[in-house]
Amino acid sequence: MDITPVLLKRRRFLGTLTAAGTAISLPGLGLVQSLPCVSAADASLPADAVKFSAEIEPLVRLLEETPRQKVVEVFANKVRGGTSYREVLAALLLAGVRNVQPRPSVGFKFHAVLVVNSAHLASLASPDSDRWLPIFWALDYFKSSQESDASEGDWTLSTVNESKVPSATQARKEFRRAMDAWDVEAADVATASLCRAVGANEVFDLMAHYGCRDYRSIGHKAIYVANAYRTLQCIGWQYAEPVLRSLTYALLNHTGEPNPSESDLAPDAAWRKTTSDVAQINKDWKNGRIDTGATLALLDTFKTATPTEAIDATTKLLAEGISVQSISDAIFLASGEMLIQQPGIVSLHAATTTNAMQYAFRTAYRTRTRQELLLQNAAFIPYFRESMRGRGKVGETRIDVRDEASSDPETATVESIFASVSKDRGAASRAMLGYLDDGGAPLDVMDAARRLVFLKGKDAHDYKFSSAVLEDYFAISPEFRNRYLASSAFLLPGSGDKDNGLVDRVQQAMA
C-alpha cells in the first residue's frame with residue numbers, strides 16, 4: 001500500500017556519544033544555576049516535512065540538529081536560559097514523532113517516543129533535585145534512536161495532504177472506515193480532521209478502541225495510545241495533530257502481512273472474539289462484587305487458556321456479578337507472575353501493556369470501548385505467555401503462594417533489598433515481600449527504585465517498566481499490592497549494577 005503521504009526521505013548529520021560515567025550519588029543538581037542561553041540552530045528541513053508552531057519549532061530543530069555528544073550540555077544551557085520543563089518535554093515528543101518511524105515494529109528505535117511519558121511520570125514522582133534527570137536521559141536516548149532511523153532510511157513525518165482532509169462532519173465516519181480497512185493514506189488525513197473537529201476525550205476513546213485490537217508489536221500499540229494522550233495532557237492539545245498522525249501510522253502497522261481486514265490472521269483472533277462477546281455483557285457490569293476467590297481462579301485460568309478462552313472466562317465472571325476490580329487484579333497478578341517465571345523482554349511488556357490498557361480502561365468514556373479494553377487485556381495475557389514459551393523455559397513459581405525461604409523481614413532494609421537485586425533477584429523479591437508485609441514503607445521502595453533507574457538505567461525499558469509497575473501498585477487491591485511490587489525485583493536495577501554516567505554528565509554540564 002502506498003504510504004508516501006506519510007513519509008519522506010532525508011539526510012541529517014548526527015553525532016555520537018563517547019562520554020563514560022562513574023558511579024555517584026544523586027545530590028540536588030541545581031539545573032538553573034549556571035551557563036548562558038544558546039539559540040536554536042538554523043538548520044534546514046525537507047520541504048515536505050511537517051512543521052510545528054513558531055513557539056516550539058526552534059527548540060525541536062535544536063534537538064534534531066545537535067550532535068548526540070553535545071545534547072545534554074546544549075539543553076542544560078537552554079534550561080539555564082529559561083526554557084521550561086513543559087517546553088523540553090514537548091520538543092522531545094515532537095522530535096520523536098517527526099523523525100522516528102514506527103515501522104517495521106512499534107518498538108525498537110521508536111522507544112524514543114514511547115518512553116517520553118514514562119520519563120515524565122518518573123519526573124513527577126521525583127524530588128525537585130532529581131526532576132530533570134529522566135528528561136535529560138530521554139534527550140540522549142532520542143539522539144540514539146534518531147541515529148538508528150537515519151541508518152534505516154531517514155524517515156520523516158510529512159505534512160498532511162490538505163486537499164484530502166475530510167470535512168468536520170465526516171471526520172469520525174472517515175476515520176473509522178479507514179482504520180477498519182487498514183487504509184494508511186485515508187486514515188492519515190482522517191486523523192487530521194478528527195483532531196481539528198472532535199474533542200480530546202472522544203479522540204482518545206477512538207484511539208484506545210483501535211490500540212487494543214491486535215497483539216502485533218507485543219502491546220506497543222496500546223502503550224503508544226496511552227503514552228501519547230498522557231503526554232499531550234501535559235504539553236497541550238495544540239500539538240495533538242502530528243502526534244496522533246504518528247500514532248495512527250503505528251496502529252496500522254502490519255509489516256510483512258496481508259491486509260488484516262481481508263485476511264484471517266492470528267494476531268486478530270482475540271479481537272474477533274471480543275467484538276462478538278461485548279454484546280453479551282450485562283448492563284450492570286460495573287456494579288459487581290469484590291471476590292478474592294474469583295481473582296485467584298482467573299489467575300489460574302490464565303496459565304493455560306488461549307486468548308479466546310481468557311475472553312470467555314472474563315465475560316463469564318462479569319455475568320456472575322464479579323467486579324471489574326477483581327478481574328483487573330487477576331490481570332495484574334498474571335503479569336507480575338510472568339516476571340517471576342521468565343524475567344525478560346516479553347514479561348516486561350506484559351506489565352507495561354497491562355499498565356497502558358488499564359489506564360485506557362479507566363480513561364475511555366464509551367462503555368463499549370471500556371469493555372473491549374478489559375476483554376483484550378485478558379486476552380493479551382495468553383498471547384504473552386505464548387511468546388514467552390517461544391523464548392525458552394517458563395517457570396512454575398506462583399505469585400499467590402508465599403515462599404517460606406523469604407528473608408527475615410526484621411533484617412531486610414530498602415538498602416539491603418536493592419543490593420540483593422544485583423546478586424540474587426529471587427532473594428531480593430522475597431526480601432521485598434517480607435519487608436512490605438511486615439509494614440515497611442512501599443514509597444521508600446519506590447523512591448529507591450526510581451533513583452536507581454536514574455543512576456543505572458541504560459534502556460528505555462528501564463523507564464517504561466519502572467514507571468508502569470510503580471504506578472500500578474496503587475491500582476491493585478491492597479491484599480495483592482505487595483506481591484505485585486515484589487515481583488518487580490526481577491527486572492528493576494540493583495544498587496550494585498554499573499552506573500550509566502548520566503548524573504555525572506549532567507553535573508559536568510552544570511559546572
Side-chain angles (χ1 to χ4, degrees), residues 107-108 111 114-115 118 122 215 217-220 223 299 302-303 330-356 380-403 405-407 412 414 416-436 445-446 448-450 452-453 455-473 476 480-498 500:
F108 298 100
H111 277 103
L114 300 176
V115 79
S118 300
Y215 180 69
S217 297
I218 59 171
H220 282 120
I223 291 170
L299 176 62
F302 285 145
K303 292 178 173 61
I331 295 172
F332 280 122
L333 288 174
S335 66
E337 189 170 82
M338 286 189 278
L339 294 171
I340 300 169
Q341 293 173 342
Q342 190 190 83
I345 199 67
V346 177
S347 57
L348 180 151
H349 283 97
T352 56
T353 300
T354 293
N355 169 263
F380 274 30
I381 296 299
Y383 274 129
F384 280 114
R385 281 198 168 276
E386 182 180 352
S387 295
M388 287 168 59
R389 286 190 285 268
R391 286 178 170 259
K393 182 179 179 181
V394 179
E396 298 181 358
T397 303
R398 296 170 59 104
I399 195 172
D400 58 317
V401 176
R402 178 72 176 266
D403 189 338
S406 300
S407 300
V414 172
S416 68
I417 290 167
F418 282 98
S420 184
V421 165
S422 299
K423 303 172 184 177
D424 184 338
R425 291 186 177 274
S429 179
R430 294 189 294 271
M432 188 184 296
L433 180 58
Y435 170 83
L436 294 169
V445 174
M446 295 180 190
R450 287 190 190 94
L452 285 169
V453 170
L455 274 172
K456 316 290 183 178
K458 297 179 175 64
D459 186 86
H461 295 105
D462 293 319
Y463 277 92
K464 284 175 57 189
F465 175 72
S466 59
S467 291
V469 297
L470 300 183
E471 178 179 59
D472 286 339
Y473 175 85
I476 301 170
F480 299 124
R481 286 175 179 172
N482 292 348
R483 294 178 185 275
Y484 181 77
L485 183 57
S487 72
S488 69
F490 282 87
L491 284 180
L492 289 171
S495 57
D497 298 353
K498 183 180 178 181
N500 58 24

Problem - Any residue meeting side chain to side chain donor-acceptor pair (under 3.5 Å) with E471, in chain and number order, not counting sequence neighbours - result: R230, N355
Handout entry: Spatial distance of atom CG (D424) from atom CZ (R430) [nearest 0.5 Å]
Key = 6.0 Å
Problem - N/O donor-acceptor pair under 3.5 Å between S335 side chain and F332 backbone - result: yes
Practice task
Start with the C-alpha distance between H349 and H461, add both sets of side-chain angles, then the distance that settles side-chain contact (heavy atoms from CB on, under 4.5 Å), and finish with yes or no.
Solution key: CA-CA 9 Å; H349 283 97; H461 295 105; 3.3 Å; yes
Problem - Donor-acceptor under 3.5 Å (S420 side chain, S416 main chain) - result: no
Practice task
Looking only at non-hydrogen atoms, find the nearest pair between M432 and F418 and report the distance.
Solution key: CE-CZ, 4.2 Å
Problem - Closest heavy-atom pair and its distance - S466, L492 - result: CB-CD2, 3.9 Å
Fill in the blank from the handout: Here the pair of heavy atoms bringing I476 nearest to R481 is O-NE, 2.6 Å
Fill in the blank from the handout: Rounding to 0.5 Å, atoms NE2 (H220) and OH (Y215) come to a distance of 10.5 Å
Problem - Minimum heavy-atom distance A431-A412, with the two atoms named - result: O-CB, 4.0 Å
Practice task
Say whether, by atom type as modelled, one donor and one acceptor occur between the side chain of K423 and the main chain of G496 under 3.5 angstrom.
Solution key: no
Exercise for the section: Applying side-chain contact (heavy atoms from CB on, under 4.5 Å), run through T397 and E337 and close with a yes or a no. Expected result: CA-CA 8 Å; T397 303; E337 189 170 82; over 6 Å; no
Handout entry: Separation between NZ of K456 and NZ of K458, rounded to the nearest 0.5 Å
Key = 7.5 Å
Problem - Distance in Å, M338 CE paired with L333 CG, rounded so as to fall on 0.5 Å steps - result: 11.0 Å
Exercise for the section: Mark yes or no for whether S347, through its side chain, and G344, through its backbone, hold a donor-acceptor pair below 3.5 Å. Expected result: yes
Handout entry: Nearest-0.5 Å distance, OG1 of residue T354 to CZ of residue F380
Key = 9.5 Å
Exercise for the section: Without swapping roles, check the side chain of D462 against the backbone of V453 for a donor-acceptor pair under 3.5 Å. Expected result: no
Please tabulate, for side-chain N and O atoms in residues 484-491, each donor-acceptor pair with protein atoms closer than 3.5 Å (sequence neighbours left out).
{"from": "S487", "atom 1": "OG", "to": "Y484", "atom 2": "O", "distance (Å)": "2.5"}
{"from": "S488", "atom 1": "OG", "to": "L485", "atom 2": "O", "distance (Å)": "2.5"}

Problem - Contact summary for I417 and A428, nearest pair of heavy atoms - result: O-CB, 3.7 Å
Handout entry: Over all atoms of both residues, closest heavy-atom pair of Q342 and K393
Key = NE2-O, 3.2 Å
Practice task
Would you sort out whether I381 and I331 count as a side-chain contact (heavy atoms from CB on, under 4.5 Å), showing the intermediate values?
Solution key: CA-CA 7 Å; I381 296 299; I331 295 172; 4.2 Å; yes
Fill in the blank from the handout: Value for NE2 (H111) from NZ (K464), rounded to nearest 0.5 Å, stands at 3.0 Å
Practice task
With side-chain contact (heavy atoms from CB on, under 4.5 Å) as the test, would you mind laying out the steps for L299 and I399 before giving the verdict?
Solution key: CA-CA 10 Å; L299 176 62; I399 195 172; 4.0 Å; yes
